[in-house]
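Just below is one structure, and these are the notes that go with it.
No hydrogens, no waters, no symmetry mates; every other heavy atom, side chains included, goes into these values. Letters A, B, ... mirror the listed sequences (proteins, then strands); counts begin at 1.
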Amino acid sequence: MERPELKRISENCWRIEQTGNMKVPGMIFADNDLIKDMDEKTLTQVRNVAALPGIVKGSFAMPDAHMGYGFCIGGVAAFDPDAGGVISGGGVGFDISCGVRMFHTGLTIDQLDGGIKEHLAEALFRDIPAGVGSTGTISLTSEALDNMLTGGAVWAVEKGFGTKEDLDYIEEQGCAKGAMPGKVSPDAKRRQREEMGTLGSGNHYLEVQKITEIYDSQIAEGFGIKKGDCMISIHCGSRGLGHQIGTDYLRRMANEASRYGIELPDRELASVPVNSPLGQDYLGAMRAGINCALANRQILTALVRKTFAKMFPKAELKMLYDVSHNTAKMEQHEVNGKMKQLLVHRKGATRSFGPGMTDLPSRYKALGQPVLIGGSMGTASYILAGTNESEKLAFSSACHGAGRSLSRTAASKKWQGRQLISELAEKKIIIKSRSMRGLAEEAPGAYKDVNAVIEATANAGLAKKVAKLTPMICVKG
Amino acid sequence: MANDIMWQHFSHQSDIGIRAEAELLSRAFEDAATALTAIVTDPSTVETVQPVNFELAGENEEDLFFHFMSKIIYEMDVRKMFFGRYEVKIENSHLTAIAWGEKINFERHSPAVEPKGVTMNQLRVKEENGKWTVQCVIDV
């Protein structure tokens, strides 16, 4: 396929030249095959973001990029608030701060031999609320809910869900500063009342994984991992509260954009200046959404620890790291030799801070942050490390997963849940889910090849390969 | 026939699109709402025993449709209910509705995936040759 609009500038980077109302070029990180498969609509979304006011340097797409709404999934863009830069509800999405948390179990694969694995799968499926309509066991008063929205994982730890040490291994030490619970609607808070400590559905999951490959032994040692280790991964977000904040502000921003002279190439890009009253309100509400996601993953961690304690009384579940995918964060970045405070949107992309960055825990300071990549069900996940090169390439960002290649409607016609369970059972992967159609929609074949996405990410310099993991147990939301 | 299926899901790489067509705008809204239920469960498995009433306003027809679909997602979420039948009345961008349904029954409904929100991507409400088409993409 001819793609005259794409100029290859290196092995794994392509540029869309600035045309029309684009204020910066588009930059896509991908290898030859990934770019070939990238939908024309994804490229249009990259161009649309490039037209937003105050965008700096480029409109970026990660190797797992695919069509989203407004921003593409895998889209990264930074805006300068001092130059009329915008904040976009569509650039964050509905599942605010959806992300991946990984922790050590202290167990190796041989300790899960025989019937123990099945027993553990049953116990996790029973104890972790997952799927549509599931509710948590924690009910919050409105005062407690506001405290949670202000404090995030810090609040959860104060309430007994985990330890202070956990907080060192979460971006922003477990709390997005500047959250404004007062800017979160009563409807959004109502949606969260019964949903603390729930996994959700769709592509959300809890997996027990084993480390099958180590690519960088020095960083792996620093991260405390080795081949044969069993890890736990949780992929979930800010639940009903985040979804409602997205809905409330999308509508308001779309209606108000024109007041600021912002022409939206796609209404879903709903944006207002960061320094406008509505921009500040959304920033405060969105940060509350981030804290809700961080608290939620912290509570889920406590639930998993409880389950493990019953089966493996000596197991110590220590945090590796917690990363968020759908966020807009104020960060310091170098632009034309000067440090600038920018609002970086990552829509389905992971922060990839390299060695020396201020937010990193002392243990990882010389290594870069763990960049946790969740693969599709039954394939592979990866632990990468942030690089300083990524700062120059894309404001310290990397991919977030495999990325869909086939729609849910097409996937549910092509595969059946029960058949997938037995196919994966042959690979010794136990799948637990309440919904067979939900499973079919998440079939591994509906996703891009995660290995190819990781190779392109690593070869482009966005992050460094550290370890590969394959699933043993998957509790699907 | 009154019970003809007048809605469809259309493909979107990440999420699910819904579209409905009818002579009356209110009927198109009702069918689109059924399509929304069908993202999560088979609407025919939902017993329509409990009514939920609501009303809302929009700045125009598209805004009203966005608001309406968002409201159903909200009601499903907070009540932990699914709705199998909808009655909608629209007058001058003001809407009153009754959604009929029941509490989630995990065995019978086997819910697939939870709608998170209504996107403005491909959001459309238009009348052409005496027929209304309404459509949007739901983030799941």
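- When heavy atoms are compared at a cutoff of 4.5 Å, A:Arg239 approaches chain B solely by way of its side chain, counted from C-beta outward.
- Other residues, nucleotides and ligands place more than 12 heavy atoms under 6.0 Å from the NZ atom of A:Lys432.
- Of the listed residues (A:Gly68, A:Gly477, A:Gly240, A:Ala410), the one with the most heavy-atom contacts under 4.5 Å to chain B is A:Gly68.
- Shown are A:Arg191, A:Gln244, A:His243; of these, the side-chain contact (heavy atoms from CB on, under 4.5 Å) with B:Ile73 is made only by A:Arg191.
- Put simply, CZ on B:Phe66 and OG1 on A:Thr247 are 5.5 Å apart, with the number rounded to the nearest 0.5 Å.
- Proximity to chain B (any heavy atom under 4.5 Å) is shown, for A:Ser412, by neither the backbone nor the side chain.
- At a heavy-atom cut-off of under 4.5 Å, chain A is reached by B:Lys80, B:Phe82 from residues 79-89 of chain B, listed in order of number.
- Contacts from residues 132-140 of chain B to chain A, taken as heavy-atom pairs separated by less than 4.5 Å, involve B:Asp139, B:Val140 in sequence order.
- At a 4.5 Å heavy-atom cutoff, the contact between A:Leu250 and chain B is made by backbone and side-chain atoms alike.
- Looking at A:Glu441, only its side chain comes within 4.5 Å of chain B, counting heavy atoms on both sides.
- A search for side-chain hydrogen bond (donor to acceptor under 3.5 Å, both in side chains) contacts involving A:Lys189 returns A:Asp146, not counting sequence neighbours.
- A pairwise comparison of heavy atoms in B:Asn121 and A:Glu268 identifies N-OE1, 3.5 Å as the closest pair.
- Using a 4.5 Å cut-off between heavy atoms, A:Glu195 contacts chain B through its side chain alone, with no backbone atom that close.
- Among B:Val40, B:Val78, B:Thr41, the residue making the largest number of heavy-atom pairs under 4.5 Å with chain A is B:Val78.
- Close approach to chain A, defined as a heavy atom under 4.5 Å from one of its heavy atoms, is seen in B:Ile104, B:Phe106, B:Ser110, B:Pro111, B:Ala112, B:Val113, B:Glu114, B:Pro115, B:Lys116, B:Gly117, B:Val118, B:Thr119 of residues 95-119 of chain B, taken by number.
- Heavy-atom distances place the side chain of A:Thr42, and not its backbone, under 4.5 Å from chain B.
- Interface remark: B:Glu75 contributes no atoms to any contact with chain A (heavy atom separation under 4.5 Å).
- Taking both residues in full, the closest heavy atoms of A:Asp266 and B:Met120 are given as OD1-O, 4.5 Å, listed atom of the first, atom of the second, then distance.
- Heavy atoms of other residues, nucleotides or ligands lying less than 6.0 angstrom from CD of A:Gln419 number more than 12.
- Rounding to the nearest 0.5 Å places OG of B:Ser11 at 7.5 Å from CG of A:Leu406.
- We find that B:Asp15 and A:Arg408 are not joined by a salt bridge, their nearest charged nitrogen and carboxylate oxygen being 4.0 Å or further apart.
- Of the listed residues (A:Asp39, A:Asn255, A:Asn203), the one with the most heavy-atom contacts under 4.5 Å to chain B is A:Asn255.
- Heavy atoms of other residues, nucleotides or ligands lying less than 6.0 angstrom from CD of B:Glu23 number 12 at most.
- Here A:Asp187 contributes atom CG and B:Tyr74 contributes atom OH; the two are 4.0 Å apart, rounded to the nearest 0.5 Å.
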